[in-house]
Asker: 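Here you go, one structure.
Bear in mind that the values here come from a model prediction, so they are computed numbers and not experimental data.
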Amino acid sequence: MSAMLRLLFFVVSLSPTLLLVTWDGSLSWALIDGIRLHLTLTPLAGFFLTLLALAAPLVALPMLRRPCDWPSLVLYVLLLLGMQLLLLAGDFVSFFVGWEVMTWSSYLLLLRSSRADMETSQSFILFNLASAFLLLAGILVFFSLTGDFAIRSLAEPSLPQALTLLALFGLAFLIKVGTLPLHIWIPSSYDQAPDAFSAFLSGSVSKMGVYGLILLPTLFPDALASFAGRFLNGPAFGYLLAWVGVITSVVATFKAISQEDMKRLLAYSSIAQVGYITTAVGVGSSLAIAGALYLALVHTLVKVLLFISVAGIVLQTGQRQFKDLGRLIERMPISFFGVLIGIIGLAGMPPLPGFAAKYLVFVSLVDARWLLLLAAMILASTAAFIYCYKLIYAPFLGHANSPGAKEAREAPWPYLVPQVILMGLLVLFGLFPGLAIDVLIDPVLVGLQMAPIGAESWAKLTTVYGGYDGVVLMLVFGIAFVLVTGLFLLLRGRMRRAGSPYDLSFAGEVPTADTPLHYGAGMGRELRRIPLVGWILRQGTRGFYLGLAGQMRAAAALLGNLYVGRPQAWILIAVVVLAASLAARAMMGGL
């Protein structure tokens, strides 16, 4: 019976794939008073459903490892169904229902973790409820303007109407994306969620906010541009959004460098990567939206790969801190290659597809002549190499400082199979960068009534500013890797070996076996000496939200006094105010 239930769960995890293959046409039925519910699969929704189809079964595999947490599996199924409803929604009623099912099932899954504390749980649900209420308010405003809930463009909305919808919907989606200063709920949530589920939170749930951000301009394609005009070669409103994304990327990158916990590092790097996507959405051109979609694809593959790899490390060692790990390259070689491929994709280095995605975004910034934004994004992208190096060095190459690291074995197959599949997909898209353009991205651009960027062939990525051949680039890096590795192996026998890992006599030190000799444990601390970086690392939004909470408690206490005081006095005041209002209206009417 248990085996049958596991099989059924895995089949349900394939439901996004089955939906992509079998969906044909649309569904529609009446609700009340002429309001209709409508389900359809647009090219944009199809792209994000593809990302969900890639991540869902791969995350499901490690969740099936014995002993199974059956309530978590049920909640995961509910989460998948809610996200599919959200993506299929052709009306805001279905969209909101899917959004809420996604929010509450994610929250309950977070609570299934033994590490989840009250503060993290409260911040998760408060921010996500704020997102839901903003979304609901936007839906009601939209209904008041159109008379129905169908997701479609508004016919010549006024500026106040467009700004109101932009503020309500935009804030709702930015909370889910996690841009500064709305990100405070993300690091602890990703850190404390069940290890396998963290991969889904980062790889898939965050993409629903990205889906909303790209969908938002289609509601009023001309109103905002006609008001604010353009700044250089891009929309003025988009310029502000692009700066929000870049600032998010810069701050989150340096926060990631300073982390001593693997999952918190990945959480901050997720915020930084989604910041790049937000910047690309702000640019708004075909190249930029193509780059945003490409980044979303790469981010899904990379973050699911890295979080599952880290989940395997935590499972086998019982450790999460960098200082307690090390030398796992000998004991967990497949996980090592999983993290290695993951960080190459995360850093946007050739020959993997992260390079193609960032290339498109960089070119779009050049095309818009937003060069200061380009410089800031290059700063964040370059600094990311530090935390990427920390993620590979500390667990796998550093000195092992705990019994768990010294005795670890390779992760079980439910963790390894997803890693191998994801590594293969990253290499595939690295070899054929045009494949993602032709098959996944250009149909979305056409559906958004934007110009497709095209690809000369699956192996080539080209723009008006240049391009590259993925196969040639992969061969060059592959040959270089083989040559360097071969040279290392040839010279390995001639290298002088230390008699002990504590042999640091030439440095004038004589450490003991209790001395922590782990480079990764303190890596990044020296960056605090740089004035700008040190200032970023010292700042945070926690104080702002604590102050806001204090003000809300004070307001609640003031309001509470109205109920615990003398009710007859407040009733008398209410009667007097009502009588005065009626008298004033009668006098004005008489005039």
Side-chain angles (χ1 to χ4, degrees), residues 5-27 37-64 72-90 94-106 109 151 176 194 196-212 214-215 293-305 307-308 414 417-419 421-422 424-426 428-429 435-436 439-441 443-444 447:
L5 289 175
R6 285 187 173 86
L7 179 60
L8 178 61
F9 170 75
F10 186 73
V11 170
V12 174
S13 74
L14 294 171
S15 58
T17 305
L18 299 175
L19 189 61
L20 275 173
V21 173
T22 59
W23 186 269
D24 184 19
S26 60
L27 297 175
L37 300 183
H38 186 62
L39 300 182
T40 186
L41 188 60
T42 64
L44 178 62
F47 176 84
F48 284 93
L49 188 60
T50 301
L51 301 188
L52 182 61
L54 289 171
L58 298 180
V59 174
L61 278 176
M63 293 180 72
L64 283 171
S72 293
L73 300 189
V74 173
L75 290 170
Y76 186 70
V77 168
L78 189 62
L79 173 60
L80 290 179
L81 296 178
M83 294 174 72
Q84 291 173 76
L85 175 61
L86 188 159
L87 292 172
L88 288 175
S94 304
F95 189 96
F96 184 74
V97 171
W99 190 273
E100 283 294 87
V101 171
M102 174 182 67
T103 296
W104 284 99
S105 54
S106 299
L109 270 165
I151 299 177
K176 186 65 71 174
F197 179 60
S198 296
F200 197 75
L201 273 177
S202 176
S204 293
V205 174
S206 66
K207 301 305 178 300
M208 298 302 102
V210 176
Y211 171 67
I214 299 176
L215 182 67
L293 295 172
Y294 217 140
L295 278 171
L297 169 64
V298 174
H299 184 262
T300 297
L301 298 176
V302 165
K303 277 303 156 66
V304 174
L305 171 59
F307 269 109
I308 289 179
V417 170
Q419 293 181 52
I421 293 173
L422 290 164
L425 288 172
L426 286 168
L428 175 66
F429 286 118
L435 173 63
V439 176
L440 297 176
I441 295 173
V444 177

Asker: When you look at L49 and W23, which way does the side chain to side chain contact (heavy atoms under 4.5 Å, CB included) test go after all the steps?
Answerer: CA-CA 12 Å; L49 188 60; W23 186 269; over 6 Å; no

Asker: Quick one, L5 and L73 - any side-chain contact, counting heavy atoms below 4.5 Å?
Answerer: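 A side-chain contact under 4.5 Å is absent here.
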
Asker: Out of curiosity, F48 CZ to L215 CG, how far, rounded to the nearest 0.5 Å?
Answerer: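 Rounded to the nearest 0.5 Å, the CZ-CG separation comes to 9.5 Å.
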
Asker: I would like to know whether F200 and M83 meet side chain to side chain contact (heavy atoms under 4.5 Å, CB included); could you show each step before the answer?
Answerer: CA-CA 12 Å; F200 197 75; M83 294 174 72; 3.5 Å; yes

Asker: Look up atom OG in S202 and atom CZ in F307, then write down how far apart they are to the nearest 0.5 Å.
Answerer: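 S202 OG to F307 CZ: 4.5 Å, rounded to 0.5 Å.
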
Asker: Could you tell me which non-hydrogen atom of A196 sits nearest to which non-hydrogen atom of M63, and how far apart they are?
Answerer: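 Of all heavy-atom pairs spanning A196 and M63, the closest is CB-CG, 4.0 Å.
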
Asker: Indicate yes or no: at least one non-hydrogen side-chain atom of L79 is less than 4.5 angstrom from one of F197.
Answerer: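 The answer is yes, as the side chains (C-beta and beyond) meet within the 4.5 Å cut-off.
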
Asker: Over 60° means perpendicular and under 30° means parallel, so tell me whether F9 and Y76 are parallel, tilted or perpendicular.
Answerer: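 F9 vs Y76 ring planes: tilted.
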
Asker: With the side chain counted from C-beta on, respond yes when P194 and L109 share a heavy-atom pair under 4.5 Å apart, and no when they do not.
Answerer: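 Side-chain contact under 4.5 Å: no.
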
Asker: Ignoring hydrogens, what is the shortest heavy-atom contact between I151 and A89? Give both atom names and the distance.
Answerer: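 For I151 versus A89, the nearest heavy atoms are CD1-O, 3.7 Å.
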
Asker: State, to 0.1 Å, how close A56 and S13 come at their nearest heavy-atom pair, and which atoms those are.
Answerer: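 Nearest pair, atom of A56 first, then S13: CB-O, 3.4 Å.
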
Asker: So how far is it from L20 CG to L41 CG, rounded to the nearest 0.5 Å?
Answerer: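 Interatomic distance, L20 CG to L41 CG, rounded to 0.5 Å: 6.5 Å.
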
Asker: Is the shortest side-chain heavy-atom distance between T40 and T42 below 4.5 Å?
Answerer: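 Yes, side chains in contact.
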
Asker: Does the side chain of S94 reach to within under 4.5 Å of the side chain of H38, using non-hydrogen atoms?
Answerer: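 Contact flag for S94/H38 side chains = no.
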
Asker: Determine, step by step, whether I214 and L293 satisfy the side chain to side chain contact (heavy atoms under 4.5 Å, CB included) criterion, reporting the C-alpha distance in whole Å, the side-chain angles of both residues, the deciding distance to 0.1 Å, and the verdict.
Answerer: CA-CA 9 Å; I214 299 176; L293 295 172; 3.8 Å; yes

Asker: Ignoring hydrogens, what is the shortest heavy-atom contact between W99 and M208? Give both atom names and the distance.
Answerer: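 Minimum heavy-atom separation between W99 and M208: CZ3-O, 4.1 Å.
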
Asker: Quick check: closest heavy atoms across F10 and P57, and the distance to 0.1 Å?
Answerer: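 That closest heavy-atom pairing would be CE1-O, 3.7 Å.
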
Asker: Would you say T300's side chain and G203's backbone share a donor-acceptor pair under 3.5 angstrom?
Answerer: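 Yes: the side chain of T300 pairs with the backbone of G203.
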
Asker: Return yes if some donor-acceptor pair links the side-chain N/O of E100 with the main-chain N/O of F96 below 3.5 Å, else return no.
Answerer: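 Between the backbone of F96 and the side chain of E100 there is no qualifying donor-acceptor contact (under 3.5 Å).
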
Asker: For the pair V59 and V304, evaluate side chain to side chain contact (heavy atoms under 4.5 Å, CB included) and give the outcome as yes or no after the intermediate values.
Answerer: CA-CA 7 Å; V59 174; V304 174; 4.1 Å; yes

Asker: Just how far is it from atom CD1 of I421 to atom CD1 of I308, taken to the nearest 0.5 Å?
Answerer: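 It comes to 9.5 Å.
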
Asker: How many angstroms lie between atom CG of L297 and atom CZ of F429, to the nearest 0.5 angstrom?
Answerer: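 Going from the CG atom of L297 to the CZ atom of F429 covers 5.0 Å.
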
Asker: Considering all heavy atoms of both residues, which atom of P414 and which atom of L61 are nearest to each other, and what is their separation?
Answerer: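 That closest heavy-atom pairing would be CB-O, 3.5 Å.
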
Asker: In a check of side-chain contact (heavy atoms from CB on, under 4.5 Å) between L422 and each of L301, L54, V417, which one passes?
Answerer: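 For L422, the side-chain contact (heavy atoms from CB on, under 4.5 Å) test succeeds with only one of L301, L54, V417, which is L301.
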
Asker: Just how far is it from atom CG of L80 to atom CE of M102, taken to the nearest 0.5 Å?
Answerer: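 Atom-to-atom, L80:CG and M102:CE are 12.0 Å apart.
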
